[in-house]
Chemist: 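What follows is a structure written as structure tokens; I'll ask about it next.
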Amino acid sequence: MSFPGMTPPVGGMGGGMGGNNMQGMSEQEQAMVKMMTGAMESCPVKTVMAGGMGFALGGAFGLFMASMSYDSSFTPQGRAIADLPWKEQVRRGFKDMGSRSFSSAKNFGIVGALYSGTECCIEGLRAKNDLTNSVAAGCITGGILGANAGPQAAAVGCAGFAAFSAAIDAYMRMPGESD
């Protein structure tokens, strides 16, 4: 008896098919699975996926943050908006939410793609998957993002991103409660 995720007994139910997960698949299906697996493990695909997911997450975060901000009628900008007709206030509010959301999405997408691509390249060069990869990728990403503000900002960005990456990766590598 075989359940999903279980490996079949040696010599049983495979008929000589390559790979435990390839049972019952034609050769064309097996080739398609191998091609898709190879693509998902490639650095360009990982970079694009991380950038896209960062863009989506940043857009949602930016939309939430923009919807929570408000202009008080006690500020000059708030008084100017409060004096406008209701439709114009709503139009400006949605326009502001859209521009803030896009700005946040763009920034998150850049950070996600840069970090993911850097980590993937380092992992490929070192041929290891360990904490050092994420720390080095975090340092490089933080350094690149802070480079325009000068060497001190690049160093602080390197240290900050490296520490954050180390903390997240160490947490993700911790054995689970169910293990």
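This structure is a prediction, so every number in the text was calculated from the model and none was measured. For this chain, numbers begin at 1 and follow the sequence in order. FYI, side chains are in, hydrogens and waters are out, and symmetry mates aren't considered; it's all heavy atoms of this structure.
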Chemist: Would you confirm whether Asn133, through its side chain, and Lys128, through its main-chain N or O, come within 3.5 Å as a donor-acceptor pair?
Modeler: yes
Chemist: Nearest 0.5 angstrom please: Ser101 OG to Asp96 CG, how far?
Modeler: 10.5 Å
Chemist: Considering residues at least two apart in sequence or located in another chain, which fulfil the side-chain hydrogen bond (donor to acceptor under 3.5 Å, both in side chains) criterion with Gln89?
Modeler: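 Not a single residue meets the side-chain hydrogen bond (donor to acceptor under 3.5 Å, both in side chains) criterion with Gln89.
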Chemist: Output every pair passing side chain to side chain donor-acceptor pair (under 3.5 Å) with a member in residues 144-172, not counting sequence neighbours, ordered by first then second residue.
Modeler: Ser134-Asp169, Asp169-Arg173
Chemist: Closest approach of Met25 and Gln30, non-hydrogen atoms and distance?
Modeler: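 Looking at all heavy atoms of both residues, the shortest contact is O-NE2, 3.4 Å.
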Chemist: Sequence neighbours left out, what passes side-chain hydrogen bond (donor to acceptor under 3.5 Å, both in side chains) with Arg91? Give chain and number order.
Modeler: Glu88
Chemist: As an exercise, state the distance from CD of Glu119 to CG of Asn129, rounded to the nearest 0.5 Å.
Modeler: 7.5 Å
Chemist: Let me check something: do Leu131 and Met172 share a hydrophobic cluster, defined by ILVMFWY side-chain heavy atoms less than 4.5 Å apart, either directly or through other members?
Modeler: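 No; Met172 is not reachable from Leu131 via cluster members.
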Chemist: Would you mind writing out the side-chain donor-acceptor pairs for residues 104-116 within the sub-3.5 Å range, not counting sequence neighbours?
Modeler:
{"residue": "Ser104", "atom": "OG", "partner": "Gly58", "partner atom": "O", "Å": "3.0"}
{"residue": "Asn107", "atom": "ND2", "partner": "Ser103", "partner atom": "O", "Å": "3.3"}
{"residue": "Ser116", "atom": "OG", "partner": "Lys46", "partner atom": "O", "Å": "3.4"}

Chemist: Cys120: which residues meet the disulfide (SG to SG under 2.5 Å) condition with it, sequence neighbours left out?
Modeler: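 Expected list: Cys43.
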Chemist: Rounded to the nearest 0.5 Å, what separation is found between the CD1 atom of Ile122 and the CD1 atom of Ile140?
Modeler: 4.0 Å
Chemist: Between Val135 and Ala162, which heavy-atom pair has the shortest distance, and what is it?
Modeler: O-CB, 3.6 Å
Chemist: Please say whether more than 12 non-hydrogen atoms of neighbouring residues, nucleotides or ligands are located less than 6.0 Å from CE in Met97.
Modeler: yes
Chemist: Hey, what do you get for OG1 (Thr141) to CZ (Phe164), rounding to the nearest 0.5 Å?
Modeler: 12.0 Å
Chemist: By side-chain contact (heavy atoms from CB on, under 4.5 Å), which residues pair with Met49, not counting sequence neighbours?
Modeler: Met40, Val45
Chemist: So if you build clusters from Ile, Leu, Val, Met, Phe, Trp, Tyr with side-chain heavy-atom gaps below 4.5 Å, do Phe94 and Trp86 land together?
Modeler: yes
